[in-house]
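Everything below concerns the one structure shown next.
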Amino acid sequence: MTPISQDPNPLALLERMMLVRAYERKLIGFHEAGQFPNVCTSVGQEAAGVGVVAALRPEDRILTNHRSAGHLLARGADPGRMLAEVMGRATGYCKGKSGTLHISAKELGVVLTSTIVGGELSLAPGVALAKAQLGEPGIVVCFFGDGAACEGIFHESLNLASVWNLPVLYVCENNQWQAYVRRKEAMLAERIAPWAASYGMESRTVDGNDVEAVLEAAAAAAAQVRETGRPYLLETWTYRQRSHMEPHDPSYLVPEELAAWAPKDPILRLTTKLKAAGLVDDAALEALEARVAGVIDDAAAFAQASPFPDFSELATDVYA
Amino acid sequence: MTPISQDPNPLALLERMMLVRAYERKLIGFHEAGQFPNVCTSVGQEAAGVGVVAALRPEDRILTNHRSAGHLLARGADPGRMLAEVMGRATGYCKGKSGTLHISAKELGVVLTSTIVGGELSLAPGVALAKAQLGEPGIVVCFFGDGAACEGIFHESLNLASVWNLPVLYVCENNQWQAYVRRKEAMLAERIAPWAASYGMESRTVDGNDVEAVLEAAAAAAAQVRETGRPYLLETWTYRQRSHMEPHDPSYLVPEELAAWAPKDPILRLTTKLKAAGLVDDAALEALEARVAGVIDDAAAFAQASPFPDFSELATDVYA
Amino acid sequence: MTQMNAFEAIGHALAEEMARDPRVLLFGEGVATKQKQLLEAFGPARVRNTPLAEGIIAGTAAGAAASGLRPVVDLLFSPFLCFAMDEIVNSAGKLRYISGGQFEFPMVVMALTGGGWTVGAQHNHNLEAWFVHAPGLKVVMPSTPSDFKGLLKAAIRDDNPVLFFTDIGLTFAPGEVEEGDEIVPLGQAAVRREGTDVTLISYAKTVHTCLQAAESLAEQGVSAEVLDLRTLKPLDEATILASVRRTGRLVVVHEASRLCGVGAEIAALVSEKAFDALKAPVVRLTGPDAPVPSSYPLEQAFIPQADAIAAAALRLMQTPEPVPA
Amino acid sequence: MTQMNAFEAIGHALAEEMARDPRVLLFGEGVATKQKQLLEAFGPARVRNTPLAEGIIAGTAAGAAASGLRPVVDLLFSPFLCFAMDEIVNSAGKLRYISGGQFEFPMVVMALTGGGWTVGAQHNHNLEAWFVHAPGLKVVMPSTPSDFKGLLKAAIRDDNPVLFFTDIGLTFAPGEVEEGDEIVPLGQAAVRREGTDVTLISYAKTVHTCLQAAESLAEQGVSAEVLDLRTLKPLDEATILASVRRTGRLVVVHEASRLCGVGAEIAALVSEKAFDALKAPVVRLTGPDAPVPSSYPLEQAFIPQADAIAAAALRLMQTPEPVPA
Ligand SMILES: Cc1ncc(C[n+]2csc(CCOP(=O)(O)OP(=O)(O)O)c2C)c(N)n1
Ligand SMILES: Cc1ncc(C[n+]2csc(CCOP(=O)(O)OP(=O)(O)O)c2C)c(N)n1
Ligand SMILES: [Mg+2]
Ligand SMILES: [Mg+2]
């Protein structure tokens with residue numbers, strides 16, 4: 001698949017968000033059907049991922065985390081190889097050694113994915129340092145959550161990137177939850193963007209459920225990072241619509257909160273807008289639905305037909 | 001010796017600062033005389049230590065670090081047992097097992113001293129949590145440096161103390177140096193106090209070389225922490241007059257900086273002021289000098305006459 | 001006697017100890033959400049969610065422990081301990097000694113590890129040997145629900161920092177648990193099966209693998225004794241040495257990687273203190289020197305298997321015995 | 001040949017490798033201040049002071065290593081590694097495997113440890129065994145200035161993360177060092193003294209203690225072979241086993257604490273793979289299970305002494321040898 005950034009028009013953005021949603025729904029379906037590896041879905045956060053990645057160039061690097069499907073698919077990852085990785089198959093991006101939690105796809109510039117919350121923050125400055133030192137073009141985008149912002153490494157990473165003038169676009173997806181803990185329980189501030197000031201870094205919070213607003217903000221932020229070679233913190237204000245991981249466990253979620261965010265669903269909002277503008281009609285939407293569903297069905301078939309890694313793989317790839 | 005807080009009048013503050021200076025000078029003298037364990041002196045920072053400790057009550061707890069002589073002596077520590085600890089003698093506060101770097105004196109409420117930069121920050125919230133949970137009176141004062149403020153644990157500690165409403169008075173001695181690194185090289189901001197805002201915490205920067213100003217600011221901050229049960233960050237703006245540790249190594253220090261700070265020496269400033277106010281004359285000062293010198297000479301004699309720990313102590317005090 | 005799994009046993013131990021001693025409290029990322037019944041029973045001051053920050057969770061536990069509380073912290077998965085090593089090792093493990101004995105650190109650090117959930121190498125890394133190596137700490141890793149309960153209660157009552165590891169592969173396995181206040185003292189291994197020809201020593205999940213191996217060995221006429229260490233520090237040297245002195249043969253088994261693991265310590269202990277009784281080489285069966293893969297078949301292959309254990313024991317039976325001069 | 005101490009040897013190795021390969025860079029707390037000559041030679045982009053934050057220093061090294069640079073980071077004293085365990089173990093050590101081989105981590109992490117400066121347990125903690133236990137890492141701990149230079153050059157050229165430990169007790173001890181580009185390959189132990197009766201295996205400072213012990217043993221008619229491991233991972237199993245097969249007796253010596261230390265691994269290795277050649281128990285002489293005290297006499301007593309090593313070897317000479325059937 002091509003990276004969304006090569007054609008970020010509203011319809012393309014919509015289709016890519018629908019593709020991400022279809023991918024996540026497929027995983028949810030597997031769980032509803034029975035035993036399946038735990039996965040953290042990005043349902044509700046599609047705009048935050050797709051909008052940012054749409055602002056990037058091929059030479060840019062992306063570091064992401066455990067909730068990475070939107071970032072990967074927006075970057076053009078093959079959902080078949082992603083699902084194969086989730087299922088631990090040899091055809092996965094990491095030969096099945098990673099599983100869902102830390103899918104890297106170096107060929108797409110999605111590097112060093114870590115499921116250690118904060119791992120992406122600890123690695124990003126070094127990736128940017130290498131670019132700067134080796135004279136390579138491009139910036140580094142680091143996706144992390146509001147929970148990761150509570151880890152000490154957030155403080156260390158932003159401070160170093162600022163002191164060393166490293167081209168890192170930090171993107172905090174503030175989805176109001178940190179696994180089983182509400183963001184409000186973990187910090188007094190509502191927003192994380194203002195924390196950048198401590199490091200002499202600029203920042204901005206954008207409506208993370210409005211994909212066009214996210215794209216605009218990310219494009220502006222990325223342009224500034226390219227131009228200044230200095231880091232920037234972009235916060236996407238969004239919401240995790242499901243429990244921390246599948247299988248879904250609504251027991252600890254907050255019904256009022258879910259209800260309040262439901263109308264802000266990023267796909268719903270863009271479809272409504274495009275319909276109002278006469279850019280899509282129900283038929284077109286159904287066609288889109290069908291197209292992304294087909295892509296994901298084929299991907300699932302590929303993954304399920306893929307072999308598990310050979311036992312000889314157990315202790316390979318440990319040392320270079 | 002009595003804690004300074006029991007009589008914080010200007011003359012007492014002056015004498016206590018002179019005592020700290022005499023203690024550090026004694027260590028410098030040992031180094032000039034030959035082989036001696038490395039020590040980090042607080043020369044130039046006497047007001048920052050004495051002024052804060054003067055604002056505390058017996059039930060308060062103090063956590064400090066590798067540069068702790070001022071905090072300990074202000075709290076009433078016996079310089080003989082301190083020097084004995086520095087020299088690794090059995091009569092030291094920690095039986096010689098600590099050495100200079102992590103002197104705790106539980107009997108004085110100086111607890112859990114760590115030389116891991118940031119250790120004091122990681123431990124302070126727990127000490128405060130215990131006080132709150134056990135219904136004990138008093139607050140917890142945590143002394144750390146501008147370098148420690150760069151460690152991730154600073155971020156984690158202040159955030160937790162704020163979210164949990166813990167009575168911690170964080171005191172950052174910003175002495176413009178982090179061992180061999182200038183503060184300016186390690187952060188873009190000049191001041192650390194504003195960082196507290198990220199945690200919804202109040203803060204203030206005070207002239208750390210004006211002992212009366214430090215006392216006033218610390219008293220106000222301590223009162224607020226007692227009243228609200230919430231943390232507060234006080235930054236004392238001061239200067240490290242010597243190299244990171246003894247033996248003195250001026251090779252990497254900045255002559256202009258040293259020259260600029262020389263007239264701001266906390267002892268010089270208070271003496272000048274008290275003289276101008278007619279509160280002391282040269283004779284009185286000489287008497288003070290002689291008194292503190294005598295105390296420190298006796299302390300050194302006690303330490304040097306003290307035995308080393310018995311070999312049977314090697315593996316005791318490991319498990320409770 | 002009631003049936004429960006390891007998670008339930010841990011819940012019972014926590015509830016009983018918190019009811020017994022008001023100084024005991026529990027905190028961690030999501031514990032107040034996940035342990036609803038404890039939250040309701042003991043209130044938000046004693047059952048706390050934390051920000052996502054392992055370092056300050058462990059450091060706060062150490063500071064609180066030194067100041068009169070008895071905290072239990074849940075750091076979730078063992079690789080996350082890597083963000084709390086300073087607080088656990090440099091503070092909780094050392095500050096008693098460094099201060100000349102001025103402080104005690106009665107605290108428990110809990111973490112999950114081991115194969116079973118295909119969570120991969122950043123959620124599954126058997127690190128228990130690190131804490132055995134570091135001074136001032138104790139280390140527990142149970143294999144049965146009743147030990148989960150009895151050892152956790154003992155760990156909470158101990159005046160030292162205790163690392164309490166839960167093997168993911170055992171979390172939902174049911175077992176008989178005593179009602180009420182049954183303590184399993186730290187430092188005591190359990191003989192899970194008596195035997196005379198060879199000793200199989202393990203802990204956690206692989207104890208059960210050793211018991212399977214002992215079954216098949218019995219069918220082949222070899223009598224295997226199975227030891228469950230239960231506590232990795234302090235090690236029950238007496239029970240280990242007594243068994244090897246009886247059998248003269250030893251296979252040590254664990255899921256953790258081989259190099260400098262607990263198996264190395266036991267092999268070294270035996271080759272020094274029971275050398276004269278040894279009739280054959282001491283063999284270790286362990287995980288490889290590799291991170292743990294996520295893919296289910298590989299994750300399972302990472303763990304020593306019963307047939308390999310039995311085969312190793314049989315090889316030892318065939319080694320010619322040295323005869324003392 | 002020139003005379004230099006370990007610090008100077010490290011400086012030469014860094015200067016030569018930075019001159020040879022523009023991708024090599026050095027950063028850490030104060031390195032640009034302390035390594036003035038390197039700063040002048042290679043400029044502020046390649047010799048950098050950092051903020052006081054070990055986690056991001058190590059993480060930045062890992063990110064840079066995976067992206068085409070070959071960073072060397074100085075984390076000063078080994079206990080400070082506790083603030084960088086996630087970046088070293090979970091990232092640098094595992095992400096190659098987790099990613100199915102997509103990344104390499106050519107980086108070196110340097111740290112000081114060991115007795116000599118009375119700096120106490122938060123500056124002195126021999127943690128090398130932790131990194132031997134963790135997958136994906138290599139571990140080096142030299143004993144002579146020429147090895148400091150040759151092994152650091154090899155570590156910088158290796159495509160894996162290498163932990164490079166400098167024994168504080170060796171920093172100022174002078175020794176002969178080859179001029180120019182002498183590499184000491186990783187994974188090769190050195191026989192420092194040949195002998196036939198007993199093998200003494202050690203690394204770092206205590207290699208010299210073993211050599212002293214070997215001297216006094218010689219006076220008592222016992223011929224001791226002394227092995228210097230130099231690299232702790234990968235271990236030079238062949239050289240270790242060959243020596244023990246010759247002598248039949250083994251004493252392992254290190255300053256690090258005993259439990260699950262490198263000595264345990266070597267004893268276990270030998271008791272499995274050279275069992276038939278063993279004439280006596282395998283003995284370990286190590287630091288105690290305690291933090292390191294600051295007080296000079298205690299700090300020295302923490303370290304295994306030559307007379308104790310000789311005495312242990314003599315005891316082994318007296319043990320009755322088992323005769324194979
Ligand atoms: C160091 C570490 N601690 C804890 C976890 C367990 N965990 C996985 S995701 C998560 C919540 C992360 O919250 P946030 O950073 O906001 O990301 P989100 O899941 O909301 O996208 C936690 C606690 C982990 N993987 N790593
Ligand atoms: C975790 C850790 N890293 C590094 C060191 C080495 N070190 C000791 S003091 C120091 C500088 C501390 O600077 P700051 O916090 O400003 O305190 P100051 O020395 O200026 O009082 C450093 C780097 C240490 N002791 N602990
Ligand atoms: Mg979140
Ligand atoms: Mg400072």
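Note on naming: letters A, B, ... go to the chains in the order of the sequence lines (proteins, then strands), and numbering restarts at 1 for each one.
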Of the non-hydrogen atoms in [X] and [Y], which two are nearest, and what is the gap between them?
X       : Y       : value
C94(A)  : I98(D)  : CB-O, 3.2 Å
N160(D) : A320(A) : OD1-N, 2.6 Å
F103(D) : L112(A) : CZ-N, 3.3 Å
S91(D)  : L123(A) : OG-CD1, 3.9 Å
K97(A)  : G100(D) : CD-CA, 4.4 Å

| query | Around E227(A), counting heavy atoms of other residues, nucleotides and ligands shown, do more than 12 lie under 6.0 Å from its CD? | reply | no

| Quick check: are there more than 12 heavy atoms from other residues, nucleotides or ligands sitting under 6.0 Å from CD of E202(A)? | no

| note | Listed by number, the residues in residues 130-145 of chain A that come under 4.5 Å of chain D (heavy atom to heavy atom) are A130(A), Q133(A), L134(A)

| Region of L121(A) that comes under 4.5 Å of a non-hydrogen atom in chain D | backbone

| request: Against chain D, label E313(A) side chain, backbone, both or neither, depending on which of its atoms sit under 4.5 Å from a heavy atom there. | output: backbone

| Taking the side chain as C-beta and beyond, is there a heavy-atom pair between Y319(A) and Y97(D) under 4.5 Å? | no

| query | Can you tell me how far the NZ atom of K94(D) sits from the OG atom of S98(A), to the nearest 0.5 Å? | reply |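 Atom-to-atom, K94(D):NZ and S98(A):OG are 12.5 Å apart.
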
| How many angstroms lie between CD1 in I56(D) and CG in L160(A), if you round to the nearest 0.5 Å? | 6.0 Å

Residues of [range] with any heavy atom under 4.5 Å of a heavy atom in chain A:
range                       : answer
residues 78-88 of chain D   : D86(D), E87(D)
residues 57-71 of chain D   : G59(D), T60(D), A62(D), G63(D), A64(D), A66(D), S67(D), G68(D), L69(D)
residues 128-139 of chain D : P135(D), G136(D), L137(D), K138(D)

| Of all of S114(A), A105(A), A124(A), which one pairs up most often with chain D through heavy atoms under 4.5 Å apart? | A105(A)

| If you tally heavy-atom pairs under 4.5 Å against chain D, which of L166(A), N159(A), L314(A) wins? |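 Heavy-atom pair counts peak at L314(A).
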
| field | Heavy-atom pair count under 4.5 Å with chain A, highest-scoring of R23(D), R46(D), R48(D) | value |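 Highest number of heavy-atom pairs under 4.5 Å: R48(D).
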
